[in-house]
Amino acid sequence: MAVNKETYKKIKEELQLNDITLIAVSKSKPIEDIKVLYDLGQRDFGENYVQELADKYEALPKDIQWHFIGHLQSNKGKFIAPFVSLIHGVDSFKLLKEINKQGEKSKRIINCLLQIHIAEEETKFGLNEDELDDIFGSTELKDLKSIKICGLMGMASFTENEETIRNEFRYLKTLFHSYSRLKTNNCQLTTLSMGMSADYKLAIEEGSNMVRIGSLIFGERNYNA
Ligand SMILES: *Cc1c(COP(=O)(O)O)cnc(C)c1O
């Protein structure tokens, strides 16, 4: 299926008006499709799989900002650490430490978002409020000099019920708001990554400033991702 250029332009315009960053989620999509959007000016792309991301990084222009939006396994961080722009799904202190180690090796500071579990489904990854408190309260956090916590990320329930989705986003926004006062050497929460193809409009209404949109722009995916 071809890239939906008109939909892309419409969404981009809508988001620009509100200063919201659009991540074009290109997982499972070929290089040619990414180039089509690149030629329209898109620079932020999101991927879920380390190998796929590394391959696409190699093949495409180096001014693309790559977002890793999948669940990162600790042992795979090294493959993306040298170039990744933002890792969205960090959901443990252990992973944060591992990313820090890889950041040190690559002589980079790696931007991270902490993923919060906001959906009803048990299967979605993420921290709960207590675990989030534990990370921010940890005395070891300040020693992680090669990461920066830039904000929070969440995925709402897969449901038709708008009220449920809205409440989940609202909850995430409240957490974001309360932690955005925190400013330390490696924490400054300015990014709230929430909203996908099906729910990005609700997410924006509830205060998102970064949305991750795949199928609306690129068409349905070729595999279940
Ligand atoms: C796949 C994916 C998206 C994009 O999903 P669409 O419904 O295709 O817009 C956004 N965020 C994450 C974390 C994803 O895995």
Side-chain angles (χ1 to χ4, degrees), residues 19-21 23 44 46-50 53-54 57 65-119 121-156 168-195 203 206-212:
D19 246 342
I20 295 162
T21 304
I23 313 299
D44 290 278
E47 290 284 338
N48 285 50
Y49 297 97
V50 166
L53 173 52
Y57 167 74
Q65 312 255 7
W66 290 105
H67 296 252
F68 187 78
I69 62 172
H71 191 255
L72 186 62
Q73 290 168 278
S74 298
N75 60 344
K76 299 238 172 113
K78 57 177 177 281
F79 298 113
I80 59 172
F83 66 87
V84 72
S85 171
L86 181 62
I87 300 179
H88 288 232
V90 179
D91 65 354
S92 71
F93 197 70
K94 180 171 167 270
L95 182 56
L96 211 49
K97 282 199 284 196
E98 180 58 29
I99 295 170
N100 183 68
K101 202 166 92 188
Q102 298 305 334
E104 252 168 43
K105 281 192 189 157
S106 307
K107 299 191 168 47
R108 296 184 72 220
I109 291 176
I110 301 183
N111 295 322
C112 298
L113 303 180
L114 297 178
Q115 182 170 0
I116 311 300
H117 185 273
I118 56 172
E121 296 106 67
E122 301 248 329
T123 51
K124 288 190 176 145
F125 294 104
L127 301 155
N128 64 33
E129 213 172 321
D130 288 342
E131 292 165 331
L132 184 67
D133 280 339
D134 286 347
I135 289 181
F136 286 125
S138 163
T139 52
E140 287 176 79
L141 181 60
K142 64 176 186 327
D143 302 327
L144 306 184
K145 298 202 167 73
S146 299
I147 56 115
K148 186 171 174 214
I149 300 178
C150 308
L152 303 180
M153 178 269 210
M155 290 167 88
E168 291 170 358
F169 285 150
R170 203 167 284 169
Y171 168 66
L172 184 55
K173 166 76 187 191
T174 308
L175 280 184
F176 175 70
H177 194 75
S178 62
Y179 281 107
S180 59
R181 266 166 281 173
L182 191 80
K183 288 192 180 64
T184 68
N185 62 321
N186 57 6
C187 295
Q188 185 166 2
L189 279 64
T190 53
T191 299
L192 180 55
S193 169
M194 61 183 196
E206 296 305 331
S208 167
N209 60 23
M210 183 176 274
V211 296
R212 312 173 308 268

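- In this structure, the separation between CD1 on Ile80 and CD on Glu47 is 11.0 Å, given to the nearest 0.5 Å.
- Here CG of Leu189 is found 8.5 Å from CG of Leu113. Values are rounded to the nearest 0.5 Å.
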Contacts under 3.5 angstrom, residues 140-155 side chains, donor-acceptor by atom type, not counting sequence neighbours:
unit_1	atom_1	unit_2	atom_2	d
Lys142	NZ	Thr139	O	3.1

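- When every heavy atom of Met194 is checked against every heavy atom of Val211, the shortest pair comes out as O-CG1, 3.5 Å.
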Inset, instruction - Go through the steps to decide whether Ile87 and Trp66 satisfy the test side-chain contact (heavy atoms from CB on, under 4.5 Å), and finish with yes or no. - result: CA-CA 9 Å; Ile87 300 179; Trp66 290 105; over 6 Å; no

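- The side-chain contact (heavy atoms from CB on, under 4.5 Å) search around Ala81 returns Gln102, Ser106, Ile110, not counting sequence neighbours.
- Thr184 is linked by a side-chain contact (heavy atoms from CB on, under 4.5 Å) to Leu182, Asn186, Cys187, counting only residues two or more places apart in sequence or in another chain.
- Atoms NE2 and CG, on His117 and Leu132 in that order, are 14.0 Å from each other to the nearest 0.5 Å.
- For Gln188, there are no side chain to side chain donor-acceptor pair (under 3.5 Å) partners two or more places apart in sequence or in a different chain.
- Taking each heavy atom of Val90 and Cys112 in turn, the nearest pair found is CG2-CB, 3.9 Å.
- Rounded to the nearest 0.5 angstrom, Ile69 CD1 and Ile23 CD1 are separated by 8.5 Å.
- The nearest pair of heavy atoms linking Phe79 to Ala54 is O-CB, 4.5 Å.
- Sequence neighbours left out, not one pair with a member in residues 68-95 passes salt bridge (Lys or Arg N to Asp or Glu O under 4.0 Å).
- In this structure, the side chains of Phe93 and Ser138 come closer than 4.5 Å at one or more pairs of heavy atoms.
- Every residue was checked against the ring pair (Phe, Tyr, Trp, His ring centres under 6.0 Å) condition with Tyr171, not counting sequence neighbours, and none meets it.
- Glu98 and Ser74 share no side-chain donor-acceptor pair at under 3.5 Å.
- Every side chain to side chain donor-acceptor pair (under 3.5 Å) that Ser193 has, sequence neighbours left out, goes to His88, Arg212.
- Side-chain atoms of Gln115 come within 3.5 Å of backbone N or O of Phe125 as a donor-acceptor pair.
- Atom OG of Ser85 and atom OH of Tyr57 lie 11.5 Å apart (nearest 0.5 Å).
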Inset, instruction - Take Leu86 and Phe68, measure what side-chain contact (heavy atoms from CB on, under 4.5 Å) needs, and give me the verdict at the end. - result: CA-CA 6 Å; Leu86 181 62; Phe68 187 78; over 6 Å; no

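- Rounded to the nearest 0.5 Å, atoms OG1 (Thr174) and CD (Glu129) are 9.0 Å apart.
- The side chain to side chain donor-acceptor pair (under 3.5 Å) check on Asp44 picks up His67, with sequence neighbours excluded.
- Remark: His177 engages no residue in a ring pair (Phe, Tyr, Trp, His ring centres under 6.0 Å) (not counting sequence neighbours).
- The shortest distance between side-chain heavy atoms of Asp19 and Asn209 does not fall below 4.5 Å.
- Scanning for side chain to side chain donor-acceptor pair (under 3.5 Å) contacts around Arg170 gives Glu206, with sequence neighbours left out.
- The closest side-chain heavy-atom distance from Ile99 to Leu72 is below 4.5 Å.
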Inset, instruction - Could you check Gln73 against Leu95 for side-chain contact (heavy atoms from CB on, under 4.5 Å), going step by step and ending with a plain yes or no? - result: CA-CA 8 Å; Gln73 290 168 278; Leu95 182 56; over 6 Å; no

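- The salt bridge (charged side-chain N to carboxylate O under 4.0 Å, His left out) search around Lys173 returns none, not counting sequence neighbours.
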